[in-house]
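A quick write-up on the structure given underneath.
The figures here come from the full heavy-atom set of this structure, side chains too, leaving out hydrogens, waters and symmetry mates. We name chains A, B, ... by the order of the sequence lines, and we start the count at 1 in each one.
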Protein chains: 2
Amino acid sequence: MHPSEHQHGGAGHAGSCPAAESILAVAEQLFSEKGYEATSMSELAQRAGVSKANIFHHFHSKRELYLAVMQAACKDSRQALLEIRAGNGSTRERLAGFMRRHLRNMLDNEEVSRLVLREVLESGPERGRELAGRVFAEGFQQLVETVREGQERGELRPDTDPALVAHLIISTGVFFFQGRAVARHLHGAGFIEDPDDYAAQVADVLFDGCLAAHAENRPAPRPPERKGRR
Amino acid sequence: MHPSEHQHGGAGHAGSCPAAESILAVAEQLFSEKGYEATSMSELAQRAGVSKANIFHHFHSKRELYLAVMQAACKDSRQALLEIRAGNGSTRERLAGFMRRHLRNMLDNEEVSRLVLREVLESGPERGRELAGRVFAEGFQQLVETVREGQERGELRPDTDPALVAHLIISTGVFFFQGRAVARHLHGAGFIEDPDDYAAQVADVLFDGCLAAHAENRPAPRPPERKGRR
DNA sequence: GTCTATAAATAGATAGAC
DNA sequence: GTCTATCTATTTATAGAC
């Protein structure tokens, strides 16, 4: 029986044996730098120091291996969402914390994060469904539930769609990551150099809004200078 | 003298002559479906019904043509930003209107929008700078100014970074577009099927925030059901 | 030159021994 | 779990006819 059958479409399983781990590591590198199609299982086997057949023992197919790479890439953020949901603190603190950590994860694993985003961008109906179910569903669910619980506790507005808010939370980090090479050269976008500060400010806007009307409700309107915090 | 020298790094110029237009149209198609490197200028010339030399007359280089394609792709959104800045209405209405139009533009020009996002995602320092200056700077500047004016008029909080808010406004539309094939299959993300509604709801969150504390300041808290509006 | 036919190489995947 | 050997389908290169 294939070890990968234990996955149930969920998280990675590479911790089980060293061969699978090294296969996954090499796959991450090759898929990242050469793309899916240009990567051959033969080269992959060679570099990982295992036989081709052994790869197919651990992963049913090339596509399965690719999905495993993406699951691994999202592992930490998924973990963060589980912790955040289980932990204490206000919904605001928890979500803001996730935003910061999610952004950090992507920046700390640049190549594989780009691989995931590339796949999302190029995916049509079929692959989109696969990605949703195998890579993102679990984490997204946790995020949506966290928002929904925040509403139930009276911390968040009850008249917003929790899934939409969750989508919004993910979007800011992703766009920061993927657009930073460009944003760095746009006037006024100095915030791009400080991810933690960015996450904090975005959280401010998401929670408090940016209308002037709400000013009196806000905790502590910081001074106009924006850089050098953290 | 090259016609493209009239660009000054700004908007497109294809309206000037029919040959340039057809070149641009074919380039858009080829670059979209085959990618930058896989597209040959010979094939492009053939399909556009012009000589290769004629292409280089209108566009200095292959790269220049590529940039022109991306400028054209962003033309409508750039135009929208100019109109929005010149027009009347509250800052909130104007920005919400742009978000809706921006999203529509991308969805109505799927292939070329994906091409632009692909380029942004894969761009390193050099190409990032180029994209910023040649494709995005002008529009982004308008958006930032619109936000800043909103602050000056007392409509928006003065303690947020206008460029960061502008960045946020772009990010939501982009992520909706690029992730919709995946989002369609995530539980609760039914909002993905109605772009106008999505833009409106996101604007709500961005302006009013999603904290419960501000509920009394909001115009009209809609009923909990989310679908089937517009 | 252009085309077809065929050879050679390589792709992903499987079988069965150890 | 891991291997060698093998299978089948493409892809790529080459030969030779036209």
message: Quick check for you: name the first and last nucleotides of DNA chain C, 5' to 3', having an atom under 4.0 Å from a heavy atom of chain A.
response: C/dA11 to C/dA15
query: What residues form a side-chain hydrogen bond (donor to acceptor under 3.5 Å, both in side chains) with A/Arg100, not counting sequence neighbours?
result: none
- request: Would you classify A/Ser40 as touching base, sugar-phosphate or nothing, given that sugar-phosphate means primed atoms plus P, OP1 and OP2, and contacts are heavy atoms under 4.0 Å?
  value: sugar-phosphate
Between A/Glu155 and A/Thr91, a side-chain donor and acceptor under 3.5 Å: yes
query: In whole angstrom, what separates A/Met41's CE from D/dT10's C1'?
result: 17 Å
field: Main-chain N/O of B/Leu44 paired with B/Arg47 side-chain donor or acceptor, under 3.5 Å
entry: no
- line: Those residues at least two apart in sequence (or on a different chain) that pass side-chain hydrogen bond (donor to acceptor under 3.5 Å, both in side chains) with A/Gln151 are A/Thr160
- line: Nearest heavy-atom contact between B/Tyr36 and B/Lys62 is O-NZ, 2.9 Å
